[in-house]
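As structure tokens, the structure follows; a few thoughts come after it.
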Amino acid sequence: MTDLRTRFAPSPTGFLHLGSARTALYNWAHARRHGGCFVLRIEDTDLERSTRESEETVLDGLRWLGLDWDEGPHRQTERRERHREAIDGLLDADRAYRCTCSREELEVRKEEDIAAGGPGTYDGRCRDLNLGPDCGAHTVRLRVPDEGLLGWDDAVFGPSGQDARQIGDAIIQRGDGTPLYNLAVVVDDIDMAISHVIRGADHHPNTPLQIAIYRALEAPLPIFAHLPLIVGESGKKLSKRRDNVSIQDFRADGHLPEALVNWLVRLGWSHGDDEIFSLTEIGELFSLENVGRSPARAEPPKLAWLGQHYIKALPSDELFTRVRPYLEGVKGAAVEDDKSLRALLELLRERSRTLVEMAELARWNLCEDLEYDEKAVKKHLRPAALPVLQALQSAMEGLPEWALVDLEKAFEAVAAELGDLKLGKLAQPVRVAITGGPNSPGIFETLEILGRERTLARIDKAIEIVEARVESAD
RNA sequence: GUCCCCAUCGUCUAGUGGUUAGGACACCGGCCUUUCAAGCCGGCGACACGGGUUCGAGUCCCGUUGGGGAUACCA
């Protein structure tokens, strides 16, 4: 193991965000690729929103995606003492100072500055007042240099930075004595010896201030890599309102974690013309150099395509285990592992992009109460289908074997008997009769899986439906 | 307002001065076919604009436009 260390530092807000998941994936991948250490740290300083439960949800999402961490989870709240120490050290070294400006005053002065064409940063009123600990209610501000560049060489964006004058003396400790985010991350990243800070580009503008903090703390800079944001179909930052952003939602929709990981890794990263990447391959091939700089739009069709790809590739046992909960959701009862169900799943693989779709396509085999598709019934269970259904029923009744070849022969015989009908003329009415809808796997496979008893019962039912229509037409 | 960032097919992207600008998804058409898929074959489709630099710019520079992000005693 090298001394390369990356970290993922989510705030536990109740779900794992799509963008966060990609950030986690890239951090994981970079660590794996270089034999480094992937650290997990929970930024739980916002006590209002942070609960142990929502933390568990985030961890759960990571595990489900297959992103295993080597260290942690550390929690930022457990490190309050260290943050306090760092701030005290800065105060002692005169690299930070106490500020007694009230929020209201600050607000007014900021607006005045903006109105006057200024950047709206802190005016430095308390900077040289040398306020001591007994100055009353106060915050602590970092003494940011008056000039010079706070710059770095971003692993994704290249040379980056901002003029120190644009930053202003930022607050690093609140009036209640708690540290602010920018101070806490830097202290934590230093203490945890994080060598690569890989995070969303929304943090890009925070970086100059954080660099000022690193310098004040006399700590070496890590390598920063900012990831272009993932935007929604609107082209704007993903929002919980508009977009599907929770990993848990994708899971509930029946997406495979393999597909999601593959989809995410390609949102901003590429490896030549390759499209399919397993997690293992990502851990071998990932490179920050190949991360793009423009925001990527998260559009579902490609995820669907990947989903189908991975469903097709899943070993039979694995497929059954994974789809089982969804099947039970459709059936509303426990599902037995039997031969015919397994056979059905094999047929459904290439027709399903998610496990939910697959379970839905298996409905006719799971439930005895068919949901009839109105249009299909109207089109195929019409009076003309009556002789077909009746002839097929008696042919199938007498079948010695309920097997593919025998069913096919029976159909051929009936087709010939009824005047050389095309197979489609037989298959569609039967399909609607036994599945309720116009689509299913091959008709003989479908019949074989359903079994003789259920098939005959459903054809009976269909005959009743047709007869009812004949009568009402009179 | 100020600062920062981005810009190749509808979407994800390849491309690092000389390419018929490549791939994937989506879309369209064909083949296969008992339906739906899958599979195979084919098609549509892009360098935002304007200036430079250069023998030669998608590639380098500047500007314009467009888009995004940040401007908290949130993280």
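Letters go in sequence order (proteins before strands), and every chain restarts at 1.
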What nucleotide, of [options], holds the atom closest to the side chain of [X]?
X	options	answer
A:Gln162	B:C3, B:A75, B:U34	B:C3
A:Arg431	B:A14, B:G69, B:U35	B:U35
A:Asn182	B:A24, B:A75, B:A70	B:A75
A:Leu267	B:C12, B:G68, B:C25	B:C12
A:Lys237	B:U34, B:G69, B:A24	B:G69
A:Trp305	B:A75, B:A26, B:C12	B:A26
A:Arg174	B:C73, B:U35, B:A14	B:C73
A:Arg351	B:A37, B:A7, B:C73	B:A37
A:Ser294	B:A7, B:A26, B:A38	B:A7
A:Phe444	B:U34, B:C6, B:A75	B:U34

Phosphate OP1/OP2 of [N]: any [X] side-chain N/O under 4.0 Å:
X	N	result
A:Lys312	B:G39	yes
A:Ser440	B:C36	no
A:Gln173	B:C73	no

Write down the distance between [atom1] ([X]) and [atom2] ([N]), rounded to a whole number of angstrom.
X	N	atom1	atom2	result
A:Glu299	B:A24	CD	C1'	14 Å
A:Ile230	B:G69	CD1	P	14 Å
A:Ile276	B:C25	CD1	C1'	11 Å
A:Leu303	B:A26	CG	P	12 Å
A:Leu238	B:G67	CG	C1'	16 Å
A:Arg141	B:C73	CZ	C1'	9 Å
A:Asn365	B:C36	CG	C1'	17 Å
A:Asp113	B:C3	CG	C1'	13 Å

Base, sugar-phosphate, or nothing for [X], non-hydrogen atoms under 4.0 angstrom?
X	answer
A:Phe157	sugar-phosphate
A:Gly175	base
A:Ile443	base
A:Asn206	base
A:Pro441	base
A:Arg103	base
A:Gln308	sugar-phosphate
A:Gly268	sugar-phosphate
A:Pro295	sugar-phosphate

Both distances below 3.5 Å, Watson-Crick or wobble geometry, any strand: find the nucleotide opposite [N].
N	answer
B:C36	none
B:C25	B:G10
B:U53	none
B:U71	B:G1
B:A48	B:U64

Salt-bridge test for [X] and [Y]: reply yes if a basic N is under 4.0 Å from a carboxylate O, no otherwise.
X	Y	answer
A:Glu105	A:Arg125	no
A:Arg82	A:Glu85	yes
A:Asp191	A:Arg41	no
A:Glu360	A:Arg363	yes

Subject >> Neighbour count above 12 (heavy atom, 6.0 Å) for A:Arg293 CZ >> reply: no
Original post:
Taking everything shown except A:Glu318 itself, do over 12 heavy atoms lie less than 6.0 Å from its CD?
Top reply: yes
Suppose you measure atom [atom1] in [N] against the same atom in [M]; what distance do you get, rounded to whole Å?
N	M	atom1	result
B:G23	B:C9	P	16 Å
B:U54	B:C12	P	36 Å
B:C36	B:C49	P	43 Å
B:U16	B:G22	C1'	15 Å
B:A37	B:G69	P	38 Å
B:U13	B:U8	C1'	9 Å
B:G43	B:U33	P	24 Å
B:G58	B:G18	P	10 Å

**OP:** State, with a plain yes or no, whether a side-chain heavy atom of A:Met358 is found less than 4.5 Å away from one of A:Arg322.
**Re:** no
Original post:
Which residue, A:Lys236 or A:Gly161, contacts RNA chain B at a nucleotide closer to its 5' end, judged by nearest heavy atom?
Top reply: A:Gly161
Original post:
Relative to the 5' end of RNA chain B, which residue comes earlier, A:Asn439 or A:Ile114, by the nucleotide with the nearest heavy atom?
Top reply: A:Ile114
I'd like to know if [X] reaches the base of [N] with its side chain, counting only an N/O donor and acceptor under 3.5 Å.
X	N	result
A:Arg266	B:U13	no
A:Lys302	B:A26	no
A:Asp273	B:G22	yes
A:Glu275	B:G23	yes

Original post:
Can A:His203 be called stacked on B:A70 when the rule is centres closer than 5.5 Å and an angle between planes below 30°?
Top reply: no
Original post:
Will you find, in the side chains of A:Ser316 and A:Arg342, an N or O donor that is under 3.5 Å from an N or O acceptor?
Top reply: yes
**OP:** Give a yes-or-no answer on whether the side chains of A:Tyr181 and A:Asn206 include a donor-acceptor pair shorter than 3.5 Å.
**Re:** no
Original post:
Taking the six-membered ring for Trp, are the ring centroids of A:Phe250 and A:His255 within less than 6.0 Å of each other?
Top reply: yes
